[in-house]
Amino acid sequence: MTRKYTIGIDFGTESGRVLLVDVSTGEEIATHVTPYKNGVLDEALPNGKPLQPDWALQHPRDYLDVLFQSVPKVIRLAQIDRQDVIGIGIDFTSSTILPLDRNGHPLCFDPNWESHPHSWVKLWKHHAAHREADEITRLAKERKEEFLHRYGGKISSEWMFPKILQIIKEAPEVFYAADLFIEACDWVTYRLTNHLIRSSNTCGYKAFWNKEAGYPEASFFKALHPRFEHILETKMRGEVRSIGEKAGELTEEMAHKLGLLPGIAVAVGIIDAHAGVPAVGAVHPGQFVLAMGTSTCHMLISDKEKAIEGVCGIVEDGIIPGYYSYETGQVAVGDSFAWYVGQAVPGYVEKQAIEAGKNVHQVLEEKASAYKPGQSGLIALDWWNGNRSVLVDANLSGTIIGLTLATKPEEIYRALLESTAFGTRKIIENFTDAGVEVKELFACGGLPQRNHLLMQIYADITNREIKIPASNQTTALGAAMYASVAAGGNHGGYDTIFEAADKMAKVKDEAFVPIAENVKIYDELYKYYLDLHDYFGREKYEIMHGLKNMRMTEN
């Protein structure tokens with residue numbers, strides 16, 4: 001039998017990765033990465049125009065570079081016949097949105113708009129719409145909108161409508177010029193197929209859409225802003241389709257550019273972290289997946305729907321058909337470690353790393369591994385880019401308690417690692433306290449593959465075994481799995497994501513197991529974490545809010 005393949009395309013924060021997979025086994029045949037030339041635009045536009053604090057933009061041409069460079073490359077690397085490729089799947093950061101013109105092109109491609117920040121892609125971690133998010137939350141509470149409970153009672157600045165509301169308030173001319181506002185995920189499938197399809201996954205988690213009720217009523221949007229009354233039929237138009245379905249077929253134009261055959265299935269897109277869920281085989285209730293990278297996204301599969309504080313979304317059929325899928329998250333995980341290494345580590349540590357032929361992270365991990373839990377006398381809050389769950393407050397900031405003149409860099413590094421694990425434990429307990437069961441933990445993404453100390457800390461702090469995927473490209477693999485379902489059994493793929501997971505998902509034989517003596521100490525430290533969490537996050541949050549306002553005023 002001829003081997004069949006699918007392609008998973010993973011659009012991350014700094015780069016895009018393309019993976020070619022054998023459908024029958026999940027074997028990863030070839031992969032290629034294209035770094036974004038423009039990276040994250042958080043200080044200035046490409047032409048040098050400065051940006052305000054809390055802005056985070058991207059250049060959509062970087063996404064096209066991933067398609068046009070990495071897709072042909074994996075075909076060449078694999079040395080396969082392109083007629084054996086049966087489907088393409090897309091995963092993407094979210095909510096990453098952009099305005100389009102009437103031809104479906106990004107507004108920032110137009111010379112008339114390229115100097116206007118609001119015409120560019122707003123990346124998921126664009127937090128400048130926090131006032132708009134609070135405004136939406138207040139209105140939804142006043143009107144007793146049913147959708148609010150599915151988002152933990154509070155709307156995040158990272159999502160679709162706060163970002164659009166920011167545009168109409170600060171740049172109405174951009175709002176009027178835009179023919180559509182769309183998730184970058186859905187724009188890429190639109191480019192590939194020439195079919196305007198919105199993903200139930202992105203709409204459900206980031207745009208208030210529900211399988212039964214659809215979007216909120218027009219009266220809600222009108223109350224939010226008079227120009228929003230008809231936004232669903234105009235600038236948010238497009239059929240919503242479920243993940244696992246086919247968004248359309250690859251056009252001749254795009255097939256020529258990608259080196260593929262026209263007509264192959266293109267799957268409805270999915271949020272990047274969510275794609276990791278089937279890739280580790282977590283397709284049953286009680287399975288909890290941590291997608292760990294610059295940030296961490298937590299996904300929990302359940303057979304029940306409950307209103308829980310601080311969840312980012314509860315979506316029926318959201319990730320795995322037939323179940324409710326919960327999402328929570330931590331906004332800065334790998335980013336917080338990178339901040340410390342890039343901005344605060346003393347020169348002598350960098351020198352040691354160079355002499356040892358290692359990077360600074362490796363040196364700090366080795367040094368931090370020599371410490372026992374609690375030995376540093378430090379504890380930190382993991383809010384270096386705000387808090388996504390459970391407080392949903394982008395104005396909170398990071399804190400380290402216990403610093404002395406004797407504190408060493410590796411102790412701070414370890415405290416930062418521990419803080420993110422404490423944050424995850426708080427999120428897990430938020431579920432279990434509400435009666436939603438968490439049975440198994442899986443960790444995927446870049447961090448679990450290369451930081452053993454971090455994962456042992458997570459196991460010890462949560463007091464749970466943590467399983468790690470065998471794949472180094474988990475999210476791209478998940479996207480390729482959804483592509484196999486979009487292609488269908490009659491074309492060499494699968495008819496359900498459960499069948500695909502059974503054949504294509506893999507985890508390592510070994511797992512990270514809690515160490516009893518560490519668990520006991522971390523239980524004590526966790527009490528301190530909770531005290532700080534509630535003090536700075538609930539009782540005296542105005543301290544951090546005030547400091548952030550002063551910083552923004554100075555800028």
Side-chain angles (χ1 to χ4, degrees), residues 13 54-58 92-99 118 120-141 145-170 175 178 180-187 198-210 213-216 220-221 224-225 228 231-232 235-236 238 240 269-274 295 297-299 308-315 318-319 325-331 385-396:
T13 300
D54 279 346
W55 277 64
L57 309 179
Q58 285 194 316
F92 223 109
T93 62
S94 183
S95 184
T96 294
I97 73 161
L98 66 158
H118 281 293
W120 291 76
V121 174
K122 284 185 169 63
L123 186 60
W124 64 270
K125 62 179 180 178
H126 174 89
H127 286 154
H130 60 87
R131 294 184 184 86
E132 288 74 16
D134 291 344
E135 185 178 338
I136 294 172
T137 299
R138 285 194 299 270
L139 179 63
K141 286 181 177 178
E145 291 286 343
E146 190 273 338
F147 74 84
L148 191 60
H149 86 271
R150 297 195 300 271
Y151 302 99
K154 193 171 183 181
I155 302 306
S156 169
S157 61
E158 297 178 14
W159 299 348
M160 170 76 81
F161 285 109
K163 288 172 176 171
I164 299 176
L165 185 59
Q166 184 196 9
I167 292 174
I168 197 169
K169 289 169 69 174
E170 297 181 6
F175 180 84
L180 283 171
F181 291 99
I182 194 167
E183 285 275 352
C185 172
D186 297 327
W187 177 64
R198 294 183 185 266
S199 166
S200 64
N201 176 260
T202 56
C203 290
Y205 285 98
K206 309 299 180 183
F208 312 156
W209 181 87
N210 176 260
Y215 294 102
F220 171 77
F221 290 105
L224 190 59
H225 194 285
F228 270 26
I231 193 171
L232 298 179
K235 299 178 190 296
M236 286 293 294
V240 178
I270 186 170
I271 297 169
D272 54 352
H274 296 189
S295 64
C297 185
H298 316 83
M299 290 76 60
I308 298 177
E309 179 193 16
V311 297
C312 301
I314 310 168
V315 181
I319 302 174
S325 299
Y326 293 77
E327 180 196 326
T328 60
Q330 292 165 274
V331 191
N385 199 20
N387 179 285
R388 181 184 289 161
S389 299
V390 296
L391 299 170
V392 196
D393 189 342
N395 290 313
L396 297 176

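Positions are given from 1, in the same order as the sequence printed here.
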Just wondering, do [Y] and [X] contact through their side chains at under 4.5 Å, heavy atoms?
| X | Y | value |
| --- | --- | --- |
| K206 | I271 | yes |
| R198 | I182 | yes |
| H126 | I97 | no |
| Y215 | C203 | yes |
| Y205 | C312 | no |
| S325 | V315 | no |
| V121 | T96 | yes |
| T328 | I308 | no |

*L148: what forms a side-chain contact (heavy atoms from CB on, under 4.5 Å) with it, not counting sequence neighbours?*
A140, K141, I155

*Taking side-chain contact (heavy atoms from CB on, under 4.5 Å) as the test, write out the residues that go with T13, two or more places apart.*
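Here the qualifying residues are V40, T93, L123, W124, K125, T294.
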
Drop me the distance from [X]'s [atom1] to [Y]'s [atom2], to the nearest 0.5 angstrom.
| X | Y | atom1 | atom2 | result |
| --- | --- | --- | --- | --- |
| L180 | I231 | CG | CD1 | 10.5 Å |
| S94 | E327 | OG | CD | 8.0 Å |
| L57 | H118 | CG | NE2 | 9.0 Å |
| H225 | I164 | NE2 | CD1 | 12.5 Å |
| L224 | E132 | CG | CD | 9.5 Å |
| N210 | E146 | CG | CD | 6.5 Å |

*If you measure from the Lys or Arg side-chain nitrogens to the Asp or Glu carboxylate oxygens, is any gap between K169 and E135 under 4.0 Å?*
yes

*Where do T202 and M160 land on the side-chain contact (heavy atoms from CB on, under 4.5 Å) test, with the steps shown first?*
CA-CA 9 Å; T202 56; M160 170 76 81; over 6 Å; no

*Would you call the rings of F147 and Y151 parallel, tilted or perpendicular, where under 30° means parallel and over 60° means perpendicular?*
perpendicular

Nearest heavy-atom pair of [X] and [Y]: which atoms, and what distance?
| X | Y | value |
| --- | --- | --- |
| I314 | H149 | CD1-O, 4.1 Å |
| S156 | A133 | C-CB, 3.6 Å |
| R150 | V311 | O-CG2, 3.8 Å |
| R388 | G329 | CB-O, 3.3 Å |
| S157 | A394 | OG-CB, 3.9 Å |

*Evaluate the criterion side-chain contact (heavy atoms from CB on, under 4.5 Å) for residue pair R131 and Q166; output intermediate values, then yes/no.*
CA-CA 8 Å; R131 294 184 184 86; Q166 184 196 9; over 6 Å; no

_Working for side-chain contact (heavy atoms from CB on, under 4.5 Å), residues F228 and K235_ = CA-CA 9 Å; F228 270 26; K235 299 178 190 296; over 6 Å; no

_Steps toward side-chain contact (heavy atoms from CB on, under 4.5 Å) verdict (K154, E309)_ = CA-CA 8 Å; K154 193 171 183 181; E309 179 193 16; over 6 Å; no

*Please walk me through it: do F161 and F221 pass ring-ring contact (aromatic ring centres under 6.0 Å, His included)?*
CA-CA 10 Å; F161 285 109; F221 290 105; 4.9 Å; yes

*ring-ring contact (aromatic ring centres under 6.0 Å, His included) between F181 and F175: does it pass, once the steps are laid out?*
CA-CA 9 Å; F181 291 99; F175 180 84; 5.8 Å; yes

*If we ignore angles and hydrogens, is there a donor and acceptor under 3.5 Å between the side chains of S95 and E183?*
yes

*Consider only side-chain N and O atoms of H127 and E158, and report whether a donor and an acceptor are under 3.5 Å apart.*
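The criterion, which ignores hydrogens and geometry beyond distance, is satisfied for E158 and H127.
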
_Using a 3.5 Å distance criterion without hydrogens, assess whether the side chain of D393 forms a donor-acceptor pair with backbone atoms of N387._
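No; zero donor-acceptor contacts below 3.5 Å.
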
